[in-house]
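Read the structure below first, then the notes.
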Amino acid sequence: MDQGGSHPSDFTDLGSGHLSDGHLSDGRLSDGRLSDENALLRASLAEMRGRIDELEEHSDRDTVTPLANRRRFLRELGRVVGVAERHGTPAAMLCIGLDDLAGINRRHGRFAADAALIHAANTLLRLIRSTDLLARIGDDEFGLILDHLDHNSAIETAERLACCIAGTPLDLGGSTIAVSASIGVATIMAGDTADDVIGRAARNMALARAGE
């Protein structure tokens, strides 16, 4: 006869309750750990995206001058060529070659040659529109994309830039070095590719350097 003792089912209920509380506690701990891991993962992904953006930006920059590099230039030139083809908008490219950069390197050293490149780049940046893209596209060459500019205006721009570069010698602190540039103009025409335009501009620059 049961005189106030515990019924077997009471132990079962208590045991079940105890087990149930343990599952809830473990679940809350698991959820907390998962939340922490997700937060760490999001932080890691954000850091990786930042590094990728930084690498992509650096991959488009020249290593000597404060300009874009050839890779970035060709991408933008292809875009401008495509827009000109679709909409008939005028555009041109200038190929700007520094004269006798090898001679500056030979006479004054690599530092002076790099300084001449940076000097010319900064001079050009002060003279062009904010919508123009200037890039270093070769050892001694810069490329300039003149969007929405016709052939005559591009020639006038080339002449003005050449005069300004020649009129701004490089000051090395105690000595100055004359800097000049030969510039070739290529108007973007129907059916052109980016390679067509850059090739034509380079040939015209070589002709200008030869005095033809």
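Nothing fancy with the numbering, it's 1 onward along the sequence.
- Between the CG atom of Leu170 and the CD1 atom of Ile165 there is a distance of 12.5 Å, given to the nearest 0.5 Å.
- Atoms OG and CG, on Ser153 and Leu146 in that order, are 9.5 Å from each other to the nearest 0.5 Å.
- A salt bridge links Arg72 with Glu76: the distance from a Lys NZ or Arg NE/NH1/NH2 to an Asp or Glu carboxylate oxygen falls below 4.0 Å.
- Heavy atoms only, all atoms of each residue included: Asn204 and Val185 are closest at ND2-O, 2.7 Å.
- The shortest distance between side-chain heavy atoms of Leu144 and Leu124 does not fall below 4.5 Å.
- Side chains of Val179 and Thr168 form no contact here, defined as non-hydrogen atoms less than 4.5 Å apart.
- The main-chain N or O of Pro66 is found under 3.5 Å from a side-chain atom of Arg61 such that the two form a donor-acceptor pair.
- Remark: side-chain polar atoms of Arg129 are paired, donor with acceptor, to backbone N or O of Asp147 under 3.5 angstrom.
- Judged by distance alone, with hydrogens and angles left aside, the side-chain atoms of Arg203 form no donor-acceptor pair with the main-chain N or O of Gly184 at under 3.5 Å.
- Between Arg71 and Asp62, no side-chain nitrogen of the basic residue sits less than 4.0 Å from a carboxylate oxygen of the acidic one, so the salt-bridge criterion is not met.
- Ion pairing between a basic and an acidic side chain is recognised when a charged N comes within 4.0 Å of a carboxylate O; Asp192 and Arg200 show such pairing.
- Taken from CG in Leu127 to OG1 in Thr157, the straight-line distance is 10.0 Å, to the nearest 0.5 Å.
- Other cluster members for Ile188: Phe73, Leu74, Leu77, Val80, Val81, Met93, Leu133, Ile137, Ile145, Val197, Ile198, joined by side-chain heavy-atom distances under 4.5 Å among Ile, Leu, Val, Met, Phe, Trp and Tyr.
- Atom-to-atom distance recorded for Cys95:SG and Met205:CE is 4.0 Å, nearest 0.5 angstrom.
- Side-chain contact between Leu149 and Pro90 is absent, with no heavy-atom pair separated by less than 4.5 Å.
- Nearest heavy atoms, Pro169 versus Ala178: CB-CA, 4.5 Å.
- Side chains of Thr176 and Asp171: no donor on one and acceptor on the other come within 3.5 Å.
- At distances below 3.5 Å, at least one donor-acceptor pair connects side-chain atoms of Asn69 with backbone N or O atoms of Ser59.
- Asp132 places no side-chain N or O within 3.5 Å of a backbone atom of Ile128 that could act as its donor or acceptor partner.
- Atoms CD1 and CD, on Ile183 and Glu141 in that order, are 12.0 Å from each other to the nearest 0.5 Å.
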Given Leu125 and Leu134, is the side-chain contact (heavy atoms from CB on, under 4.5 Å) satisfied, shown in steps? CA-CA 7 Å; Leu125 284 172; Leu134 178 66; 4.0 Å; yes
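- When every heavy atom of Ile96 is checked against every heavy atom of Ala181, the shortest pair comes out as CG2-CB, 3.9 Å.
- Going from atom CZ of Phe142 over to atom CG of Leu94 covers 13.0 Å, rounded to the nearest 0.5 Å.
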Quiz: residues 103-112 side-chain donor-acceptor pairs under 3.5 angstrom, not counting sequence neighbours:
unit_1, atom_1, unit_2, atom_2, d
Asn105, OD1, Arg110, N, 3.1
Arg107, NH1, Asp100, OD2, 3.3
Arg107, NH2, Asp100, OD2, 3.0
Arg110, NE, Asp114, OD1, 3.1
Arg110, NE, Asp114, OD2, 3.3

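- Other residues, nucleotides and ligands contribute more than 12 heavy atoms inside 6.0 Å of the CG atom of Asp150.
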